[in-house]
Amino acid sequence: MNSIQKNRLKDQLFKFWGIFCTLIGLVLLIVFIGDILIDGISRIDWGFITDLPSRKAEKSGIYTALMGSIWILLLTSLIAIPVGVAAAIYLEEYSKKNWLSGLLEINISNLAGVPSIIYGLLGLEVFVRIMSLGASVLAGSLTLSLLILPIIIVATREAIKAVPSSIKDASYALGASKWQTIWLQILPASGGGILTGVILALSRAVGETAPLIVVGALAYVPFAPQNPMDEFSVLPIQIFNWISRPQHGFIENAAAAIIILLLITFIMNGIAVYFRNKWQQKWK
Amino acid sequence: MRKIKELVIEKSLFTSALVTIAVTVGIILVLAVEAVRFFSEVSILDFFTDTQWTPLFTEKHFGILPLLSGTLLTSFIAIAVALPIGLSISIYLSEYAPRSFRKTVKPLLELLAAVPTVVYGFFALIVVTPFLQEIIPNLSGFNSLSAGIVMGIMIIPYVSSLSEDALHAVPQSLREASYGMGATKLQTAFKVAVPAASSGIIVSIILAISRAIGETMIVAIAAGQQPRLTLDPTVPIETITAYIVQVSLGDVQHGSIEYRTIFAAGITLFVLTFLLNTLSYRIRKKYHLKYE
Amino acid sequence: MEPTIHKNNTQDLKVNEVLQKKPPTIEVKEVKVWYDDFMAIKGIDIAIKPNTVTAFIGPSGCGKSTFLRLFNRMNDYIDGYKMEGKIKINGKNINKKKVIVEVLRKEIGMVFQKPNPFPKSIFENVAYGLKIQGIKDKNFIQKRVEKALKQADLWEEVKDNLKKSALALSGGQQQRLCIARTLAVEPSIILMDEPTSALDPISTAKIEDLIRELKKKYTIIIVTHNMQQASRISDYTAFFYIGDLIEYGKTKKIFTNPEKKQTENYITGRFG
């Protein structure tokens with residue numbers, strides 16, 4: 001075999017290896033989901049969603065955890081979206097190139113890489129102890145808000161950057177002020193992109209477990225939270241708790257709860273992708 | 001009036017941006033204050049040289065090495081899985097695959113990173129460990145091997161997507177020059193595209209390592225809660241992150257030495273990931289300059 | 001273009017050199033090209049004469065670059081590309097399954113529109129083609145690199161800086177480096193896709209001198225937008241228009257006394 005034939009052979013072999021690697025990722029994803037469906041689908045019924053947690057696996061439901069997750073999702077959105085979008089607008093439209101903007105830039109990039117459990121330690125000390133919020137929904141939401149802030153900021157900045165500057169020029173030329181231009185032109189034009197980033201960030205928040213454990217969210221809460229100061233549990237923590245129990249019934253429960261959690265995550269991701277595609281088409 | 005309104009808006013936007021600085025300062029202060037209190041009771045030398053970590057026992061040892069080794073061992077296994085697969089995927093997608101295939105597969109792979117980590121933990125403990133026990137009979141129910149492998153699968157898209165972006169940014173003209181001289185796609189990929197995209201690829205790998213080191217739920221569920229200084233992937237270990245979870249789940253008094261251990265462990269974790277993130281940020285800045 | 005099996009690479013290249021003494025013949029029969037549903041080449045016949053410079057001219061989008069890239073099968077990697085018809089080099093159909101495209105491209109070099117040196121040293125750029133063939137003989141590579149750089153009239157300017165990054169060279173030097181890189185693998189045919197369109201007039205003149213010199217040893221096909229350039233350097237000219245070959249003949253004839261009205265309109269600058 002001469003060297004050209006050898007090289008062609010290597011080329012073909014790598015191609016098959018590449019296809020294999022690509023498919024193995026996807027196949028594993030399918031195996032994961034398939035396995036969990038087999039383990040858990042039969043456990044899901046209306047009672048599973050509306051029942052309170054119990055010591056007996058077959059009587060346990062996810063009601064309190066699901067309500068906790070919804071509370072967390074809503075409060076986190078209320079806190080993180082305004083702050084994140086505002087910070088992004090400042091960085092994209094107002095900030096001048098100086099030491100401060102450089103610092104903000106490095107800082108946000110770094111925050112995005114801080115492990116989520118570290119945010120839990122921050123929340124534990126600042127919100128739970130110093131601000132005496134206790135292990136409440138509010139403390140958990142504040143903690144997760146800080147966690148997803150960098151994600152929202154980065155996504156919003158990308159979306160704002162994609163708006164053609166001609167739109168800005170047109171608005172200024174008609175005598176609009178800076179804020180009017182941002183509020184009436186830039187934000188509507190970048191809305192789809194911002195929405196995509198926000199939904200992806202929130203889907204991340206729904207799946208987070210570790211920081212909420214550190215903040216003190218409970219594995220067993222007898223009632224769904226009624227106000228932001230109540231104690232709470234969330235779906236991932238409920239799942240974690242069930243996985244840690246030896247009885248097989250709880251594993252089934254965990255699988256069933258995972259199906260619900262994955263459903264929420266994938267629906268949120270699907271909506272995000274839908275908005276992204278719709279929004280990208282607008283600028284083509 | 002209008003001027004005042006504009007100014008108020010600008011200031012409030014600016015305040016929002018400052019929140020991010022406050023978060024960093026907050027993290028550093030919280031970790032540092034509690035760590036300083038911790039080190040007033042435990043000598044730094046012991047912390048870094050003692051080979052046992054038993055703060056929750058009556059005979060207390062505060063050596064971070066077992067937790068550190070657990071963290072590095074699981075991360076190493078994860079990277080050993082994610083790096084070859086992720087890089088191969090990125091090269092295949094950017095150099096070989098038809099565009100339509102690439103466009104459908106990339107978001108699907110990214111879904112791997114969107115799955116909540118507690119789900120991966122379930123998978124590692126309930127599926128992968130029993131499966132591996134068929135092959136390795138003396139594998140413990142909790143071990144770093146299956147936790148590491150599953151974590152590797154989770155971070156595949158971190159490597160593949162970012163590396164693919166970097167490869168995609170390499171000008172097509174360089175590839176054509178190489179093909180034009182009779183190079184195969186493989187030769188072109190490894191001799192031209194990969195070297196030209198090397199900084200982007202390195203950034204993706206560093207971020208994946210940083211992600212693996214900070215990962216919590218998979219290791220907390222599947223790797224065990226036994227801090228031990230070992231390279232054996234078949235036995236239970238404990239990572240820094242899993243230890244913080246373990247203490248948080250228990251009933252530890254605020255202000256006690258046990259309570260402070262999680263901040264000492266946390267600052268170790270933070271410094272590790274901070275160094276990696278800063279390194280990747282530096283490389284990324286340099287890399288942007290190269291292409292713009 | 002047969003995939004011949006050789007004992008080792010140095011010998012492989014010697015056979016290559018023998019081949020070059022016999023100038024290659026190029027025949028194109030009824031070639032059509034599609035990109036998805038768009039027909040880019042609508043059925044072209046042409047025979048290129050050996051050891052000459054043939055210029056492909058025509059307005060943008062007329063298919064001349066696509067056509068040029070057929071000879072070394074560079075279109076193969078484009079999504080939706082489809083081709084019909086025959087291209088024979090030395091009597092062998094280059095689109096046959098058994099033709100090894102890597103061998104074909106070693107035989108038919110290509111220089112591109114924008115200088116595209118690899119982000120490597122000058123030496124590594126020129127040695128690249130040899131190294132990918134698996135040649136390890138350092139002496140041999142050294143000699144070849146020097147020879148190629150001399151042929152491309154770049155040696156005097158870079159001989160003391162071979163380790164320097166190719167990206168540090170000027171645009172004109174980069175393009176001559178790309179030509180040297182092509183020459184180093186000793187092809188018999190060189191395809192040039194608007195090689196001077198990104199260069200200043202002085203660098204362009206240097207490349208044109210080089211093309212005139214290279215024609216003694218190589219068959220050159222050049223796509224150009226610049227009609228003065230076509231008339232200055234080519235022996236034959238082919239005029240393309242919307243995927244068709246309108247007229248092909250001696251350059252002098254095409255530029256002084258074209259047969260077709262469209263050709264005349266184009267070269268006199270009435271459209272384009």
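The model shown is predicted, which means the values in this text are computed figures rather than measured ones. Each chain gets a letter, A, B and so on, in the order its sequence line appears, and its residues count up from 1.
Atoms CD and CG, from B:Glu176 and C:Asn116 in turn, are 8.0 Å apart once rounded to the nearest 0.5 Å. Annotation: the span from C:Lys131 atom NZ to B:Lys191 atom NZ amounts to 8.5 Å, rounded to 0.5 Å.
When all heavy atoms are compared, the tightest approach of B:Thr188 to C:Tyr128 is CA-OH, 4.0 Å. Annotation for C:Glu102 and B:Thr184: closest pair OE2-CG2, 3.4 Å, computed over non-hydrogen atoms. In terms of heavy atoms, B:Val192 sits closest to C:Phe118 at CG2-CE2, 3.6 Å. Across all their heavy atoms, C:Arg181 and B:Ala177 have their closest contact at NH2-CB, 3.1 Å. When all heavy atoms of B:Gly182 and C:Ile132 are compared, the closest pair comes out as C-CD1, 3.9 Å.
By the 6.0 Å contact criterion, NE2 on B:His168 is open, its count of non-hydrogen atoms from other residues, nucleotides or ligands being 12 or less. Annotation for B:Ile135: atom CD1 counts as buried by contact number, over 12 foreign heavy atoms lying within 6.0 Å. Atom CZ of B:Phe274 has 12 or fewer neighbouring heavy atoms from other residues, nucleotides or ligands inside a 6.0 Å radius. Residue B:Phe76 places its CZ atom among 12 or fewer non-hydrogen atoms of other residues, nucleotides or ligands, all under 6.0 Å distant.
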For this session: With side-chain contact (heavy atoms from CB on, under 4.5 Å) as the test, would you mind laying out the steps for C:Tyr77 and B:Arg175 before giving the verdict?
Result: CA-CA 11 Å; C:Tyr77 300 141; B:Arg175 289 190 187 92; over 6 Å; no

For this session: Any chance you could lay out the side-chain contact (heavy atoms from CB on, under 4.5 Å) test for B:Tyr179 and C:Asp76, step after step, and finish with the verdict?
Result: CA-CA 11 Å; B:Tyr179 297 147; C:Asp76 285 19; over 6 Å; no

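One N or O on the side chain of C:Asp79 and one on the backbone of B:Arg99 form a donor-acceptor pair closer than 3.5 Å.
Contact annotation for C:Phe112: only side-chain heavy atoms (C-beta onward) come within less than 4.5 Å of a heavy atom of chain B. For C:Lys114, no part lies under 4.5 angstrom from a heavy atom of chain B. Using a 4.5 Å cut-off between heavy atoms, C:Arg69 contacts chain B through its side chain alone, with no backbone atom that close.
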